[in-house]
Amino acid sequence: MARFGMVIDTKKCVGCMDCVVACKTENNVPEGYNRDWIVTVTNGKFPDTTLEIQSQRCNHCDNTPCVSCCPTGASHIHDVGNVVLVDHEMCIGCKACVAACPYDARFIHPDGYADKCTFCIHRVEKGELPACVSVCPTHCMYFGDLDDPNSEVSKLLASRKNHPLMPEAGTSPRIFYLI
Amino acid sequence: MNSISRRKFLKITGFSVGAAAAVSTLNPLIKGANKVNKEKVKGIQKIPTYCDICFWKCGAIAYLKDGELWKIEGNPLDPLSKGRLCPRGTGGIGAVKDPDRLRSPLIRTKERGQEVWKEVTWNEALDYIANKMNMIKEKYGPESVAMFAHGIGGNFLKHTLKAYGAINFAAPSFAQCRGPRDVGFELTFGEAIGSPERTDIENAKCIVLIGSHLGENMHNTQVQEFADAVQKDATIIVVDPRFSVAASKAKYYLPIKPGTDIALLLAWMNVIVNEKLYNQEFISKYGFGFEQFAAEISQYTPEWAYPETGIEPELIRKTARTMAMYKPATLIHPGRHTTWYGDDAQRSRAIALLNALMGNWNEKGGFYTPVSFSLPGYPYPAYPKPTKEKLDNPENKYPFASEEITTGIREATITEKPYPIKGWFIYATNLIQALPDEKETIKAIQNLDLMVVVDVIPSEIAGWADVVLPEAVYLERFDDLHMSANKTPFVGIRQPVVDPPADQKPNWWIAKKLAEKLGLGHYYPWNNIEEYMDYRLKAAGLSLERLKKEGIILGEKKPIYASEGVPLEFATPSGKVEFYSTQLAAASFDPVPKYKRPEQPPANHYRLLFGRAPVHSFSRTQSNRILMDMMEENEIWVNPNVAEKWGIKNAQYVKLKNQDGVVSNKIKVKVTERIRTDCVYMVHGFGHNSRMLKGAYGKGASDSGLITKYVTDPLMGGTGMNVNFVTFELEA
């Protein structure tokens, strides 16, 4: 079974937020909410400054505190690609998962359920890329099966320096940033 | 007619509800409010068009889901977007659903600028305008109606005004933006840089950005090519007082003192000439006046430039050598918004000369030769012969202005010299934020007998109008055919995807109806724009049906590089690349650019710099609720040392006060190691004070409001705007 993940090249990313806008329109995310977002990390003293731009979202972790804490089973691991999803019908909006997520990736949708990035599974199951990946004008985002050594994502991770976010949280996140 | 004030408009929130439905509930007076998506086709429909959120005009495909506008993606056939839009384009549906949109024609009922209106029918509005135009024509002549426009949508209105006899047309895109650059390159290479720029970024091995912040300005094709070049390990050199996003991709970042770019450019050229690193073959074949240039440049050593620019001599040398190493695939980007200090055409000329040293004209990785699709024009009757001359540049005061000067028309409107201007048409440009010193704009407006604004949103300038005409958003209208010159010739179509939600109309309809009211209906021999497009396409053997279906039709590939057979021809007086400009010498300007130290900020003041964010276009998108969610307000960037001195904390709100005592809206502080200590920076386009623009009203501060001072470029009339200084006003 595939284990979907994402690789994002921070060298190419300009932080334009097209990924955020595309997610919003693709998934009809309501005004005032976003499922993905941009973080800029600045280090050093001017002019010896460095900047890393990260397009962030749910990390679709291998170890999922958001799933184990869910009292209803709404938060679950999908059988395609091990993508972490929320069943809107089953969700009671208790916010346990919102609190459990170390990445602050979840929010309560105005309709009352926990919402977050789905890796655009509705597109992926049709053979398309997630919306954020498909629109990126810099082509800095890659999506694929981390368990397939021949996938583009696996090759990039094997050949380029990279890091996930907050590995210390112990969730084994599946989004990696090339540096 | 119902008299309404902007303030009484009910707040409409939650665009997922559907703008049309919300409007019909809240304001039953608006006609045609139920028209949107009346034929709700089940499933997904894809309709190609081209974007209008900025001027790049990317090919796009709009998606409808069960008849409702869903999303927009790039058209893969389009050479500009290559199938991927920028965030503004992706957020384009927010323009349709913007609850602050203009909905019906408005006529002013109180003093100008009070923003009190009555809603009228199109018939009433156009009658009012035509009557005033006839009166102006009779009393002053048709030349006394002027037009300011931005974008392709103004074409038809321009046609109507030309038929009426108007001759004064100008766009801020020249004297407030790319004008100096185009003039600098015309003086040197005999040709402008064009839009989209003829920069071959994707093939460049070394890219130099001087104040140009690609990635923050989202000129789609360029950003795509820039990212591609970064991936291919092109050497990036960035010169900017601010550590821009592009600077973070650079091998060499030069944190230049603002206003000293010419000194750096001269020093770079000094190194390249001294060390004979220039493209000798190119210069011996195509250069003119190189010896005089070289002699003049010999004084500008990196050591001379160091105290001016703050850039270490060794770094100047190293970067100059790097550029030369990769020539001719080294591109010194000419930039776009180049109206900074008033000596901008000369700075742009210095950039052109540095490129000339690389010999990169018509070379891969330099400047390619843009090619475009060509369609015959529509055979219209000839326009009336003017009896007066254009007045934006009287007596050729700015001898190298190659387009009309907005601020020249504004000045003539104030002085009524050489003749009065009594009517302004303003299409899709917010002059209050586009022109420097809004006081002058407002003063000019006082002299008008007629001021018409055609736009999709109620910008500040609309608040000053006599008549406001609500235009349909690009996704609701046809526009003229798009054939921008670039690497591949193409023709693109803009076509309606949904109906306008209220009483908005496409600009072609507005222009045609106004012509009819003026008795100029014969200038529109076609009934609707599809007939017009069909005529032009048929003349070239193409079909409108196919274009509507595919959105883009590509033309035949044409050569764009010297290696593909493009001849090197230069439309300068010498027919060569002018290192020494006899034209400039003859007009008593410096034939080789010279550096003059800019005025320095007074004590406790900082130079105000401004730029772009990737999610907004000018001051036109701040009420787009999708883009607003991306960036709701601008911030003032402040170096930590400055913040400490003032006791300012990150995220605190302050006001800015400029050298003339003008105080801004409150603005959030971004304390950051990404900017020098002698300047501050904000994104342009915020701080709206048009009350009807509810979503954006009062959010962030307006750089334009603080730009009360400007320096006019003596070569071409551009308005240098980076000459204002601000200090902080802390809330008690």
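Every heavy atom of this structure was used, including side-chain atoms; hydrogens, water molecules and symmetry mates were not. Reminder, nothing fancy here: chain letters follow the sequence lines and each chain counts from 1.
Within the model, atoms CZ of B/Phe226 and NZ of A/Lys12 stand 12.0 Å from one another, a figure rounded to the nearest 0.5 Å.
The two atoms that bring A/Met17 and B/Pro87 nearest to each other are C-CB, 4.0 Å, heavy atoms only. Residue A/Cys16 comes nearest to B/Val615 through the heavy atom pair O-CG1, 3.4 Å, listed as atom of the first residue, atom of the second, then distance. B/Gln231 and A/Tyr142 get closest at one heavy-atom pair: NE2-OH, 3.7 Å. Across all their heavy atoms, A/Thr138 and B/Ala227 have their closest contact at CB-CB, 3.5 Å.
Considering only heavy-atom pairs separated by less than 4.5 Å from chain A, the leading option among B/Leu85, B/Asn220, B/Thr221, B/Ile93 is B/Leu85. The greatest number of non-hydrogen atom pairs below 4.5 Å with chain B, out of A/Cys13, A/Cys19, A/Gly15, A/Cys140, is found for A/Cys13. The candidate with the highest count of non-hydrogen atom pairs below 4.5 Å against chain A, out of B/Gln224, B/Met630, B/Glu73, B/Glu225, is B/Met630. Interface remark: of the candidates B/Glu673, B/Lys71, B/Met628, B/Glu673 forms the most heavy-atom pairs closer than 4.5 Å to chain A. Taking chain B as the reference chain and counting heavy-atom pairs below 4.5 Å, the highest number among A/Ser134, A/Ala131, A/Ala22 is found for A/Ser134.
Only the side chain of B/Asn639 comes within contact range of chain A, judged by heavy atoms closer than 4.5 Å. Heavy atoms of B/Phe243 lying under 4.5 Å from chain A belong to its backbone as well as its side chain. Both the backbone and the side chain of A/Cys136 come within less than 4.5 Å of a heavy atom in chain B.
Side-chain atoms of B/Asp629 do not come within 3.5 Å of backbone N or O of A/Glu31 as any donor-acceptor pair.
Below 4.5 Å, heavy atoms of chain B meet heavy atoms from A/Gly44, A/Lys45, A/Phe46, A/Pro47, A/Thr49, A/Thr50, A/Leu51, A/Ile53, all part of residues 43-56 of chain A. The interface of residues 167-179 of chain A with chain B, defined by heavy-atom distances below 4.5 Å, is empty. Listed in order of number, the residues of residues 107-128 of chain A that approach chain B to under 4.5 Å between heavy atoms are A/Arg123.
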- request: Might you work through the side chain to side chain contact (heavy atoms under 4.5 Å, CB included) test for B/Arg674 and A/Thr42, ending with a clear yes or no?
  value: CA-CA 8 Å; B/Arg674 293 177 57 194; A/Thr42 308; 3.8 Å; yes

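Screening residues 235-257 of chain B for salt bridge (charged side-chain N to carboxylate O under 4.0 Å, His left out) gives B/Glu216-B/Arg242 as the qualifying pairs, with residues at least two apart or on separate chains.
In this structure, A/Lys95 places its NZ atom where only 12 or fewer heavy-atom neighbours from other residues, nucleotides or ligands lie under 6.0 Å away. Atom NZ of B/Lys670 has more than 12 neighbouring heavy atoms from other residues, nucleotides or ligands inside a 6.0 Å radius.
Side chains of B/Ile626 and A/Val21 form a contact here, defined as non-hydrogen atoms less than 4.5 Å apart.
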